[in-house]
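Following: one structure in structure tokens, then a few remarks.
None of the values given here were measured: they were computed from a predicted structure. Throughout, protein chains are lettered first and strands after them, A, B, ... in sequence-line order, and every chain is numbered starting at 1.
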Protein chains: 2
Amino acid sequence: MTPTAPPTPAQLMDQLAQAAAGYYRSFAAVAAERGLTLMQGKMLSLLRRPMPMRTLADLLACDASNVTGIVDRLEARGLVSRETAPADRRIKNVTLTEEGEDTVRQIRAELMSSLTGLEGLDEEERITFQRLLARVFPAA
Amino acid sequence: MTPTAPPTPAQLMDQLAQAAAGYYRSFAAVAAERGLTLMQGKMLSLLRRPMPMRTLADLLACDASNVTGIVDRLEARGLVSRETAPADRRIKNVTLTEEGEDTVRQIRAELMSSLTGLEGLDEEERITFQRLLARVFPAA
DNA sequence: CTCGATAGTTAAGAATGTCAAGCACTCTCG
DNA sequence: CGAGAGTGCTTGACATTCTTAACTATCGAG
């Protein structure tokens, strides 16, 4: 059906736009099932280990004042907690609670099963895909 | 540096999360340079040709009422216009104005030059990348 | 110890997301 | 034709997020 001609960088960029939109559409749907917004879900997923609010702001590409509100709501639900760092008392480390860890596990599992195409890639394709992604979007 | 072992689907999903975040970080930055929000930029980019607000809501994965507000602001800036479809007078087609077309062209160009990794892919890599993206995120 | 920088909070206003209700229009069916 | 169901868009109320600026507390360098 589709011609096998090499896509121009512009066409590739369109495909990327669609992929990124598709990813967040799935992510938002999975988060919404648990009454979480996209941002709240993103933040929980980032918290593999405790980290300062400042770091979260950088990773989420948003203002620090923004993180305050998001953590407020997650803390009110008992999914994360704030702990002042003893070494530098300005810093507050955000940590997942037990319930928060559970939620993240569920979100990850459902997201995975919702991205059906991922399971279908064989080992070599996964290597290739990861390399291409890493090249186009190098870790900041 | 990184071992060349095949990534697990879970690791690949993390890479995808990072790529999607990186894409929208660039996109939002480019849009912001023109005083546009991420959503406004997304909508403009979708308008290669006129389309009903309902369709835009589906593509942006948001509520129809949301589209009303976004189009209101873009229209107030003279970037798009609403035109009632003669065949079905319930439908309003959103169209880019001349200035809107210019803006989209600029956004696309800057986004492209901001995703530096894209230009570096040779033809074969582009084919591979596009196929992988299309497989994991099939067109809805 | 004072000064400049950093982490986090607060507050005000714009933009977006969600939900329910409403209006205009189309379509179907009797 | 005409009533009712369904669709497209708008409006209003409210929660969340984004943006900006000011403010407090703390750290670190001189």
- Query: For DNA chain C, which residues in residues 26-41 of chain A have a heavy atom at a distance below 4.0 Å?
  - Reply: none

- Can you check the B:R73 CZ to C:dG13 C1' distance for me, whole Å? 13 Å

- Query: Within a radius of less than 6.0 Å around CZ of B:R49, do more than 12 heavy atoms belonging to other residues, nucleotides or ligands occur?
  - Reply: no

- Of A:R89 and A:G69, the one whose nearest nucleotide on DNA chain D sits closer to the 5' end is A:G69

- Task: Tell me, please, which residues at least two apart from A:A21 pass side-chain contact (heavy atoms from CB on, under 4.5 Å).
- Result: B:Y24

- Item | Summary of protein contacts for nucleotides 1-9 of chain C, nucleotide by nucleotide, where a base hit scores B, a sugar-phosphate-only hit scores S (4.0 Å, heavy atoms) | ----BBSSB

- salt bridge (Lys or Arg N to Asp or Glu O under 4.0 Å) partners for A:R90, two or more places apart: A:D88

- Query: Should A:L16 and B:F129 count as side-chain neighbours, where that means a heavy-atom distance under 4.5 Å?
  - Reply: yes

- Rounded to whole Å, the CG-C1' distance (A:L60 to D:dT17) equals 12 Å

- Message: In this structure, how many angstroms lie between the C1' atom of D:dT17 and the NZ atom of A:K42, rounded?
- Response: 11 Å

- Here the pair of heavy atoms bringing B:L46 nearest to B:M51 is O-CE, 3.5 Å

- Message: Check this for me: does any side-chain nitrogen of one of B:D58 and A:R25 sit under 4.0 Å from a carboxylate oxygen of the other?
- Response: no

- Item | ring-ring contact (aromatic ring centres under 6.0 Å, His included): pairs with one or both residues in residues 60-88 of chain B, sequence neighbours excluded | none

- Message: By the salt bridge (charged side-chain N to carboxylate O under 4.0 Å, His left out) test, which pairs, at least two apart or in different chains, include something from residues 29-42 of chain A?
- Response: A:R34-A:E110

